[in-house]
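Notes to accompany the following structure.
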Amino acid sequence: MRVAVVPGPGQSGLLRPLGADGSPAGPPVEVPDLVAAVAEYEQKGSTRWVWPSAASCYQVLRRAGVRVARCHDVLLADALLRGRDAGIGVEPTGPRDALALLRDAAAAGAAAGAGADPGLRDTGLRDTGLQDTLFEPALAGAPAPPDPSATLDALIDVHADQLRRIAADEHPARFGLLVNAESAGALVAAEMTAAGLPWRPEVHDALLTELLGPRPTLPGQRPARLADLAGQIAAAFGVPDDRGSRGPRDPRLAMNPDSPTQVLQALAADGIRLPSTRLAVLRDVDHPAIAPLLEYKELARLHSAFGWAWLDTWVRGGRFRPEYLVGGVVSGRWASRGGGALQIPRLLRQAVVADPGWVLVAADAAQLEPRVLAALAGDRAFAAAAAAGDLYAELAVAFGGDRAKAKIAMLSAMYGGAGGEAGQLLAVLRQRFPAAAGYVEAAARAGEEGRVVRSVLGRTCPPPSAGWRALTEEAADPDTERDPGAGRASRARGRFTRNFVVQASAADWALVMLVSLRAGLAKISSVNGTSRLRPAGRPASDDAGSGQPNRLASPELVFFQHDEVIVHCQAEQADAVAAVVSQAADEASRLVFGPTRVAFPLSTAVVACYADAK
DNA sequence: ACCCCCTGCGCG
DNA sequence: AAAGCGCGCAGGGGGT
């Protein structure tokens, strides 16, 4: 059953049950305690909550210890539908004013939720905090929530319109799956933020100290190792160090290794002219400053992006809690906000350590994108290769037994690379695996011609910009001078759409895998009799020492990065979690691709420390 | 003082 | 030997 829900003043809320077509199936109900009302529905049976945005509505429920199984996220569904309709030239339909109202409601809810920062609280029990007034703007300048009754009406209108448009899709079952998975993904995202990734600040700090020297006492000061290297670099160029200690310095002579301009100028003064200071360019240069410069750049990056400042800002109570942006990337991959959550250097995986008595179950989809292409294209020869554990090793047969060549050929096909030997290798690929090569080449042609392409579940890539159209249409006119930029723009879009069909379909698979995994994990916890009211985001060690021996905590999803997931669970649950992970991969393959002989293997590791996962 | 764009590099 | 796709973030450097 679907139930529309919007928060009201204080702890209250407004509910209204809906029929299968989204029309109201009863009068609106005002409940004084929304959290309690939602929890009661969840215990009774399967409810799909229809709300403006899980990112805004669910975080408060989550912090009160309430977990919901299913929802329909109207703003995420709108983004998917609008993307589809823009691609086929359909003007936006449906109630636009109503959508604007829902956006305002979501923004107000998000602002109120942000006011009660989970990172600063050690418990999620709602009766312990005054700040749990559900949707009162907690931040100065936060938008005021619109009238709940008007919001509920708008919600119901927009949702019913969305159900009609989903049903009208070319592939309604697959597109409906995408909308449901995207919505469930928003539940996972909120839960992962609440749970947090276990992070040991003392391990992180020790790593920084070992590599950079002790933490500087003054802000803006270089750590000892960086200062030393900066001195070596300056000396190699025969100029003063930019932070030399005595007297006023002449900035024209200063040497700041963080400045690409200054590095290029200093090298040019020694007769070496380079196009950039990228690692790949510098690596082959013969100059005494290069070795310390390369070391400096590597360590400076660690210091500026994931140094002590990062640790102070993002880690609280042994947890790193980034905000995940579901569907934040055009391809449907997630983005993140805060702390560079999806770009954590592999080195720092050492700081990701399970709580005592707990483990991390880390699972990584192996060679996901080429396998997705195999399943998408239905290429028999390619699918046969993708039935095996090492796809590239199977493909190598076609490339004289050279696995590396097979890999370059695949990557070139998926990314549109054409340099070096890629051309020859692509020709081999085209000959041996015509359907697979044809699939990405058709996508590239569509992009070059300004059309859109869709993922397997129906996520649509953005149409070209007006600027792109102007540029490329002008070039097609025989009376005008040919602009070389037009060809470049056209090919660039071809590479984008070529990659989109693969990356976005891989994101479909990963999203469905993730939400299947979430459902499976919920069953583990109920089998073990776990209370569903265990406060979210509370260090598990607190539970272990709480003198309640009959309680087993729930396994928690704590990280998701495009094609890998981490579950944090008690050690005795590791086998059950690993089995559920494997089932989730099978289920995703079946739901997304139907019957296919392509395998989507996961490499799963049960470890105490993320760095040991592979 | 702030904003914006560029460069460079981390991840998939 | 790198390039070819998608991101977020820090610092430099120029603008206002």
Please give, in whole Å, the distance from dA10(C) C1' to R301(A) CZ?
-> 8 Å
Selection from dG11(C), dG13(C), dC5(C) that lies nearest to any side-chain heavy atom of S304(A) = dG11(C)
Phosphate contact (dG12(B) OP1 or OP2) by R346(A) side-chain N/O below 4.0 Å = yes
D612(A) and Q350(A): side-chain donor and acceptor closer than 3.5 Å?
-> no
Give the nucleotide from the list dA3(C), dG8(C), dG4(C) with an atom nearest to the side chain of R495(A).
-> dG4(C)
Residue whose nearest DNA chain C nucleotide is more 5′ - D284(A) or S331(A) = D284(A)
Mind calculating the distance between CD (E323(A)) and C1' (dC7(C)) to the nearest angstrom?
-> 16 Å
Per atom distances to the S412(A) side chain, the nearest of dG12(B), dA3(C), dG8(B) is dA3(C)
Return no unless some side-chain N or O of R283(A) is found under 4.0 Å from OP1 or OP2 of dA2(C).
-> yes
Which residue lies toward the 5' end of DNA chain C, G338(A) or A280(A), if each is placed at its nearest nucleotide?
-> A280(A)
Parallel, tilted or perpendicular: rings of F593(A) and F600(A) (30°, 60°) | parallel
The nucleotide from dG4(C), dG8(C), dG6(C) with an atom nearest the side chain of F496(A) is dG6(C)
Whole-Å distance separating the CD1 atom of I408(A) from the C1' atom of dA1(C) = 10 Å
Give the nucleotide from the list dC7(C), dC9(B), dG4(C) with an atom nearest to the side chain of Y415(A).
-> dG4(C)
Aromatic F500(A) / basic R493(A) pairing, under 6.0 angstrom, 45° off normal | no
Per the glycosidic torsion and the 90° limit around 0, nucleotide dG4(C) is syn
Where the side chain of S259(A) is defined as all heavy atoms beyond and including C-beta, which of dG12(B), dA2(C), dG13(C) is the nearest nucleotide?
-> dG13(C)
Parallel, tilted or perpendicular: rings of F433(A) and F382(A) (30°, 60°) = tilted
Between dA2(C) atom P and Q424(A) atom CD, what is the distance in whole Å?
-> 19 Å
Tell me which nucleotide among dC11(B), dG8(B), dG6(C) gets nearest to the side chain of Q343(A).
-> dC11(B)
Measure the distance from NZ on K407(A) to P on dA2(C) and round it to the nearest whole Å.
-> 15 Å
Are any of K297(A)'s side-chain N or O atoms less than 4.0 Å away from OP1 or OP2 of dC9(B)?
-> yes
How is V502(A) classified with respect to the nucleic acid when contacts are heavy atoms under 4.0 Å: base, sugar-phosphate, or nothing?
-> nothing
Rounded to whole angstroms, how far apart are CD on E421(A) and P on dG4(C)?
-> 16 Å
Between dA2(C), dC11(B), dG6(C), which nucleotide has the shortest distance from any of its atoms to the side chain of R349(A)?
-> dC11(B)
Under 4.0 angstrom, heavy atoms only, what part of the nucleic acid is L368(A) near: base, sugar-phosphate, or nothing?
-> nothing
Give E298(A) one of three labels, base, sugar-phosphate or nothing, depending on what nucleic acid heavy atoms sit under 4.0 Å from its own.
-> nothing
Cationic tip of R495(A) within the cone over Y415(A)'s six-membered ring, i.e. under 6.0 Å and within 45° of the normal?
-> no
Taking atom types as modelled and ignoring hydrogens, do the side chains of R222(A) and Y296(A) form a donor-acceptor contact shorter than 3.5 angstrom?
-> yes
Could you state the CD-C1' distance from Q561(A) to dG12(B), rounded to the nearest angstrom?
-> 6 Å
Atom-to-atom span, CG of N499(A) to C1' of dC7(C) - whole angstrom | 12 Å
What nucleic acid atoms does R493(A) come within less than 4.0 Å of, heavy atoms only: base, sugar-phosphate, or nothing?
-> nothing
Donor/acceptor link under 3.5 angstrom from R333(A) side chain onto base of dG12(B) = yes
For Q503(A), which contact category applies under a 4.0 Å heavy-atom criterion: base, sugar-phosphate, or nothing?
-> base
Phosphate-side-chain proximity, T277(A) and dG8(B), N/O vs OP1/OP2 below 4.0 Å = yes
In a check of side-chain contact (heavy atoms from CB on, under 4.5 Å) between T497(A) and each of P462(A), C461(A), P464(A), which one passes?
-> C461(A)
Partner nucleotide, any strand, of dG4(C) [Watson-Crick/G-U, under 3.5 Å] | none
Using a cut-off of 4.0 Å on non-hydrogen atoms, how would the nucleic acid contact of R498(A) be classed: base, sugar-phosphate, or nothing?
-> nothing
